[in-house]
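Working notes, structure below.
Proteins get letters first, then strands, A, B, ... in listed order; numbering begins at 1 in each.
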Protein chains: 2
Amino acid sequence: MSRKIFRELISVEEARTKFYQYAPLDLVGVELLSLLETLGRVLAEDIFSPIDVPPFDRSAMDGFAVIANDTLGAAEDSPNNLEVIGDVQAGYVFDGLITGGNCVEISTGAPLPAGADSVVMVEYTQREKNNVDIYKPASPGQNVMSAGADIQKGELILLKGTLLSSRELSVLAAIGQSKILVYKKPKIGIFSSGDEVISADQTLTPGKLFDINSIAISAGINENGGDPTLLGIIEDDFKSLERKIGENLSKYDLLIISGGTSAGMGDMLFEVVDNLGDPGLLVHGIKVKPGKPTILAVCQGVPVIGLPGYPASALSIFQLFVVPYVRKIAGLSPVGIKTKVKAKVKQRLRSVMGRHEFKPMNLIKSETGWLAFPVPGGSGAITSIALADGFVEIPDNETFVLPNTEVEITLFSDKIKPIDLQIIGSHCSVLAKIIQALYQKYPEYHSRLIGVGTTGGIAAIRRGEAHVAGIHLLSDTGEYNKLDQNEVDAFVIPGYYRMQGFIVPKGNPKNINKLTDLIREDVLFMNRNPGSGTRVLLDYLLLQHKLNSDSIKGYSQYSKSHSSVAAAVKSGVVDVGLGIQSAIDDDLDFIPLKEEEYDFLINNNYRHLPAVNAFIDILKSERVTEIINNFPGYRKK
Amino acid sequence: MSRKIFRELISVEEARTKFYQYAPLDLVGVELLSLLETLGRVLAEDIFSPIDVPPFDRSAMDGFAVIANDTLGAAEDSPNNLEVIGDVQAGYVFDGLITGGNCVEISTGAPLPAGADSVVMVEYTQREKNNVDIYKPASPGQNVMSAGADIQKGELILLKGTLLSSRELSVLAAIGQSKILVYKKPKIGIFSSGDEVISADQTLTPGKLFDINSIAISAGINENGGDPTLLGIIEDDFKSLERKIGENLSKYDLLIISGGTSAGMGDMLFEVVDNLGDPGLLVHGIKVKPGKPTILAVCQGVPVIGLPGYPASALSIFQLFVVPYVRKIAGLSPVGIKTKVKAKVKQRLRSVMGRHEFKPMNLIKSETGWLAFPVPGGSGAITSIALADGFVEIPDNETFVLPNTEVEITLFSDKIKPIDLQIIGSHCSVLAKIIQALYQKYPEYHSRLIGVGTTGGIAAIRRGEAHVAGIHLLSDTGEYNKLDQNEVDAFVIPGYYRMQGFIVPKGNPKNINKLTDLIREDVLFMNRNPGSGTRVLLDYLLLQHKLNSDSIKGYSQYSKSHSSVAAAVKSGVVDVGLGIQSAIDDDLDFIPLKEEEYDFLINNNYRHLPAVNAFIDILKSERVTEIINNFPGYRKK
């Protein structure tokens, strides 16, 4: 047994070359499906038309099928009279011959009777029993669509490799193809690993995490033409790892093991795949960030890919290695026009020298095209997936991307629509309802809300990352949302008043009614995050009441949203939090403290965008006034 | 019974208004699906996180969980020594408390033991049985990802109405959502009608046509979030029409009757829907081209749409009325970024005043963006569907679009990729193989071949519609492909020699061996289309031999491709055709006549496009030389 231990990381390009040297690159086979089942599949044969379309000379009008020669000289005041020897409807054939001096009444779509060479429109005729007056001459071929005029028998219609959309299915229907040969979908088996991982239908117990990777991978395989199977969670045990991988090699075209983060798994997996051999381990560690501890192998002719455990790392390797391979063996073209978007970066992106960086980015619309912003969060963060529309790749020999550079963003899915309206700022429950009203009136605009607090919203306006910010900024003088135009290029649109107050358990068991109750020894408080308007309000009130924040138990701990504060109170972790009334439910009570002003800051650079105008428009609507005034603790400004 | 007969056509806008006044606009209901089944569906509830992610304070490194205070002053040369009171792996919980002077060895991803506030990386430690030397101080929180750092319990994660892609599924997995409430797909029932229409699995008999519309509509409904059911072909009979529609109203959210072209159907349908009532007929005839004879109705609360019979007309109404309605009641945003492409028209588009025109267009890549060209063919043509990528709408108050105007093209399907390389010109079997070789080497480029003959190809280069033309143009001097640069801004790349000859039935029963055999009384010929290089060759040879084309029986009838000529000979319709050897099969023989030169004309305006360069590159490849030389009757130039 040759044990290959790879200590040297290799580049993304080298890793791809090595992998493609051994991984099968052929399409995985063909299958015959009925026409409608082939939607979205890839055609596995050249299609030649077995018939003419239309299959016969066909009348394009309602009228009379004639020999053109018989209509010569016909005019309004001197019609030619012909004998009518029959009628023919679409779908039927006239069983006779037009010889001269006679004709057949014909419907649109009916086959031209033998002998006839043209059709006179019914408007230019007058029938009287078995005779008809023709008021206008016809030329040969007039109002007739010839057999094969559209598609000729034997014509090449579609090339092997064509992705079948409704358009192609229409053409296949026209030539009577009821069964179509398409490429099979590659079968991809997906294992999760790690003792800490449980599936979403299990109950969360201490120390456990829900399995993200296998769901993300499975859905991503689906979006890229593969047929995923979840093979469950695999134990961190050499023998069972070897057995489980070994017995599935013959059943799948690719096996993916989404790694746990537990120590030892990576070490075991590379040995296991190398034991399985032929050729076994190919790559163990790649110069990519994130995603370094990746394993690429081919075991007994079947590719096996070991992904790192952290979701962002797994996603990086999934996009860089798995997606291109699956599309290749599915017969799909590489990720293309639908999933590549050109965008400008607004801020300098840094990258580590010698590492190919995969940076999740979010996209927003500007007046000149798409702008891309890096998504916060390390390789452990889920939010970096939730907020990102796609990713940019920075090659290993580059260490930065300058602001205003145009980059290519690969969308995570062809279903993703970049953002027309990005609102960053203070959390507000009513804002989600306003966005829904916006969507109802302007369904063409796609919005995203990011809650980072008031000051985070203002900073996002400055960076150009937000079209709009929702703010409640209290100045030292007690005024709300007075911003210096020199500091931030934006204007304020009035929003609403909302009541801030204490969120306490139902019945207010600790009897918390005023600010000074917060400094009681028996009261544990949950603060909001620094930069949030609610925390600024608390600090302002403490200053007014000359109270010291150190005297509040829990002042330094915080939640990031009103609803999270409410959840903390509800679960009994704390006794009280400061927040808005709409965050509470029947298990909680709300003690009003101070009404504040929540307004919207509109980025001047984006004020002419249609989605921004739509937002301003909806804010002024009766529907939104109603939404606001019906929310407990809110009133429209 | 009030019989409404609408004699006045109404505008698209009026028709929409009337339809939306009565058609239900609510989403059709919700259903609870398991997470992976919701891919591509629309979320029907706001999602708040029921948990913190991560759910516990989590070690970000392998190392030792400590109280930071215990590591103060630790250095390489003076480590702090702590007692190791246990180990904890990811997925498990340490069942004890760190109090001071002690610590726990911890793996990446494991929960931080109670009492600890930080993790020292294993690199800065040296364990010796139950003790460990710490060589570097930790600060509180170091190497710990706090509970909720990523997502906090109670946080709003996804808004109702979100289209679920792999990205959203990942986030739902992270918060343990195994069942998701999504909107139901609207159920759409589709009838075909017309006595001439048969389904693709039936045998074509005289006067019949394969049903295109119901397949096109069914696939299109699928692509737009609906659940289509084919309800079969409905007879042109008042009673059965009324019964079939009536009994399906309660089963579907929308009924579509794709009309036959037979007379009377439209007249009957409008009466039937009006009889069904509540309110019945709404629109009968729209100022749209094509698609005028459309019926919009709401019967007993359920919308019923009658589409015209011609595929291009049906498609127009499908795109203008059905798609927007289905997307609306499916909860999908209107056709958006994925299916709207901005493109320049190169030639003047004409439109009829007072008609909203729906023009199928094809898209090709230029160096400055997409160009759009109208697709030939009337409302009866299938090719207008096959070749078109999408459509442009010209409102009823406009009569033209000027060349170089930017227009918005709506793609027929979000699966359609506009064309990187469009080759228009002479039919050639080997060209399809070259395109496949191109696709194998450069899968990122999407090509389309349009066979219209040599002169048609040159004209397409002039119009800017072709990147490349395949030509075999014989000059009066007998030279091939000598073009005047002043006439067409293009250059020639050598292609191949190919043998033209007589295509005859197996065994050459009529013993046709030389040109003069074509003028024999017992020989019926099939010509090629005017403008085709093969026809030009025939005319050149006739001239050389001083033969008159009138003396050839069948000279004036033609097929549009080599394979169609071969099909005509094979079926016995004619005795002989002129064409290339590769068009024949085992039932045919080939009598060589003259070798000609088939070359490629490259449009100078597109010569720097990557796909054009790729084509030039592949033409020079050994693979293509091999393909050409292996084709009977071909040799590489």
For chain B, which of A:Pro443, A:Ser571, A:Ala567, A:Pro111 has the most heavy-atom pairs under 4.5 Å? A:Pro443
Does any backbone or side-chain atom of A:Ile215 lie under 4.5 Å from a heavy atom of chain B? Answer side chain, backbone, both or neither. both
So, the part of A:Ile175 with a heavy atom under 4.5 Å from chain B: the answer is backbone
Could you report the tightest heavy-atom contact between A:Ser166 and B:Ala216, atom names first, then the distance? CB-O, 4.2 Å
Got more than 12 heavy atoms from elsewhere within 6.0 Å of OH, B:Tyr442? yes
Closest heavy-atom pair and its distance - B:Ser563, A:Leu156: OG-N, 4.4 Å
Pair B:Leu36, A:Asn222 - check side chain to side chain contact (heavy atoms under 4.5 Å, CB included), show working. CA-CA 10 Å; B:Leu36 277 172; A:Asn222 249 319; 5.6 Å; no
Counting heavy-atom pairs under 4.5 Å with chain B, the top scorer among A:Gly451, A:Ser165, A:Ser49 is A:Ser165
Does the pair B:Asp389/A:Arg167 count as a salt bridge with the N-to-O cut at 4.0 Å? yes
Is it the backbone or the side chain of A:Ser34 that comes under 4.5 Å from a heavy atom of chain B, or both, or neither? neither
Go through A:Glu444, A:His446, A:Gln436, A:Lys328 and name the one with the most non-hydrogen pairs under 4.5 angstrom from chain B. A:Gln436
A:Ala219 and B:Leu169: which non-hydrogen atoms are nearest, and at how many Å? CB-CD2, 3.8 Å
Can you say whether A:Lys433 sits under 4.5 Å from chain B via the side chain, the backbone, both, or neither, judging by heavy atoms? side chain
Quick one: what part of A:Lys179 sits under 4.5 Å from any heavy atom of chain B, side chain, backbone, both or neither? neither
